[in-house]
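So that the names make sense, note that chain A is the first sequence line, chain B the second, and so on, each numbered from 1.
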2 protein chains.
Amino acid sequence: MTKAEKERYHHGNLRAVLVRIGRELLETETKPSLRAVARHAQVSHGAPIHHFPTWAHLLAACAADGFRELSADLACAAQHSTNAEKTLIEMCLAYLEFAKRHPVVFRLMFNNNAITERTEEFLQQSSAAYSCLQDAVRALDPDMSDARFDTLINTVWAMLHGLSILELEDQVCRTATPNLKTQDFLVHGIGQLVR
Amino acid sequence: MTKAEKERYHHGNLRAVLVRIGRELLETETKPSLRAVARHAQVSHGAPIHHFPTWAHLLAACAADGFRELSADLACAAQHSTNAEKTLIEMCLAYLEFAKRHPVVFRLMFNNNAITERTEEFLQQSSAAYSCLQDAVRALDPDMSDARFDTLINTVWAMLHGLSILELEDQVCRTATPNLKTQDFLVHGIGQLVR
DNA sequence: GACAAAACTTGTCATTGACAAGATTGGATG
DNA sequence: CATCCAATCTTGTCAATGACAAGTTTTGTC
């Protein structure tokens with residue numbers, strides 16, 4: 001049986017479809033809801049409950065899916081670099097790009113006001129993404145002390161995430177002419193931290 | 001007429017009370033709502049509408065109130081320092097403390113997923129708070145170039161805000177023993193940026 | 001081929017945000 | 001001081017939502 005387009009009672013793929021549509025509606029609609037997701041998926045309003053007991057669980061799944069995609073982007077950005085510092089910079093730029101490409105889901109992923117259900121899947125995917133960044137920082141100097149590592153990972157991630165939010169909320173300060181790019185601030189800031 | 005406890009038809013102070021209760025419910029309840037705020041304020045469910053046309057407007061007012069308080073905290077932190085760098089550090093620590101003290105409102109203030117109504121009051125209070133930080137950065141060297149200023153303000157704010165979020169979401173990495181404090185990371189990071 | 005579990009539908013309920021119409025109050029004006 | 005108007009508040013209503021329950025269809029397993 002092809003899982004493709006058969007109009008059958010058992011959707012067979014509903015969970016993944018709900019997450020995909022959920023992410024779409026989050027980005028495009030002002031008032032996404034479980035029922036709206038169900039309508040777009042062409043199923044009844046009660047169908048999603050078997051995959052997501054509450055709306056919060058679907059949100060957590062959308063966020064987890066975002067982390068999955070982010071991890072992939074980070075891994076992809078890392079694979080073409082020669083030295084460790086360039087790798088880290090590339091990953092940071094990929095992170096920033098992800099934020100700009102999926103603003104709503106990005107905000108959701110890191111907002112514990114919205115993520116009220118910290119699903120197993122959510123925790124797993126979120127820490128997997130963190131691991132990518134941690135590995136890249138550790139690679140700067142495999143022999144660094146624990147204290148140095150803590151300092152680096154926390155300051156780098158803070159800089160990276162903070163600047164992504166600034167960019168997202170359109171609050172990057174630009175008084176100089178010609179304007180400096182957000183990427184410039186990011187590369188400069190990370191560069192200062194890792195030295 | 002004392003505006004204090006008179007049980008009267010015209011509340012007289014309702015707008016401020018709604019914001020206060022709104023902020024309280026945001027921090028304590030899992031499912032705050034316009035009607036719940038009205039109940040706690042002992043007014044009918046229709047009363048808030050004359051002060052806040054929609055729930056989003058009340059959220060914006062709560063966020064604006066948060067920015068107001070943040071500005072006060074920043075100003076207070078700044079007034080007892082001698083040199084510009086120490087002043088900036090003190091303000092950063094106050095910012096972090098504010099985030100820890102009001103986690104939900106803090107997340108709200110900087111989350112444009114939730115703030116769908118960018119009220120005049122909200123924009124005003126938010127940029128007022130930014131101004132505090134900008135002034136402190138400018139004071140590091142009143143003669144710095146625009147490019148230098150842009151770089152500093154954006155990296156400092158990114159570090160500060162990013163680390164506050166890390167702390168809030170309990171994702172500060174601590175592998176070293178004894179554990180380093182979040183404040184240590186912050187002071188160290190800011191120190192590296194301003195030199 | 002039967003049967004149990006999973007997936008989906010339909011129906012229902014309390015709650016919510018938003019709106020409308022009416023009641024009450026305070027203050028400005030004469 | 002009397003009047004009147006606008007602001008404030010109440011009550012009632014409606015569609016939409018999340019959550020749940022009960023019933024129906026399908027899948028897969030023995």
Going by atom type alone, with no hydrogens or angles, which donor-acceptor pairs under 3.5 Å involve a side-chain atom of residues 31-44 of chain B and a protein atom two or more places apart or on another chain?
unit_1	atom_1	unit_2	atom_2	d
B/Ser33	OG	B/Ala36	N	3.1
B/His40	ND1	B/Ala36	O	3.0

* Pair B/Phe98 + B/Phe67: ring centers closer than 6.0 Å -> no
* Select from B/Ser44 and A/His50 the residue whose nearest nucleotide in DNA chain D is closer to the 5' end of that strand. => B/Ser44
In residues 135-147 of chain B, what donor-acceptor pairs under 3.5 Å come from side-chain atoms, sequence neighbours left out?
unit_1	atom_1	unit_2	atom_2	d
B/Asp141	OD1	B/Asp143	N	3.0
B/Ser145	OG	B/Arg148	N	3.0

* Structure fact -> Residues in residues 21-40 of chain A with a heavy atom under 4.0 Å of DNA chain D, by number, are A/Lys31, A/Ser33, A/Leu34, A/Arg35, A/Arg39
Length of the [atom1]-[atom2] vector between [X] and [N], whole Å:
X: A/Gln42; N: C/dT10; atom1: CD; atom2: P; result: 13 Å
X: A/Phe52; N: D/dT17; atom1: CZ; atom2: P; result: 18 Å
X: A/His45; N: C/dT9; atom1: NE2; atom2: P; result: 10 Å

Side-chain donor-acceptor pairs of residues 82-92 of chain B under 3.5 Å, sequence neighbours excluded:
unit_1	atom_1	unit_2	atom_2	d
B/Asn83	OD1	B/Glu85	N	3.0
B/Asn83	OD1	B/Lys86	N	2.9
B/Glu85	OE2	B/Arg195	NH2	3.3
B/Thr87	OG1	B/Asn83	O	2.9

* Sugar-phosphate only, base, or nothing, as touched by B/His51 at under 4.0 Å among non-hydrogen atoms -> sugar-phosphate
* Give A/Leu14 one of three labels, base, sugar-phosphate or nothing, depending on what nucleic acid heavy atoms sit under 4.0 Å from its own. => sugar-phosphate
* Could you work out which one of D/dC9, C/dC19, C/dG17 sits closest to the side chain of B/Trp55? => C/dG17
* Not counting sequence neighbours, which residues clear salt bridge (charged side-chain N to carboxylate O under 4.0 Å, His left out) with A/Lys181? List them please. => none
* Pairs satisfying ring-ring contact (aromatic ring centres under 6.0 Å, His included), at least one member in residues 168-195 of chain A, at least two apart -> none
* To do: Mind checking side-chain contact (heavy atoms from CB on, under 4.5 Å) for A/Arg20 and listing every partner two or more places apart, or none if nothing turns up?
  => A/Val17, A/Glu24
* side-chain contact (heavy atoms from CB on, under 4.5 Å) with B/Ser164: which residues, sequence neighbours excluded? -> B/Tyr95, B/Leu96, B/Ala99, B/Phe106, B/Leu160
* Using five base pairs at each end, measure the axis-to-axis angle across the helix from C/dG1-D/dC30 to C/dG30-D/dC1 and round it to 10 degrees. => 10°
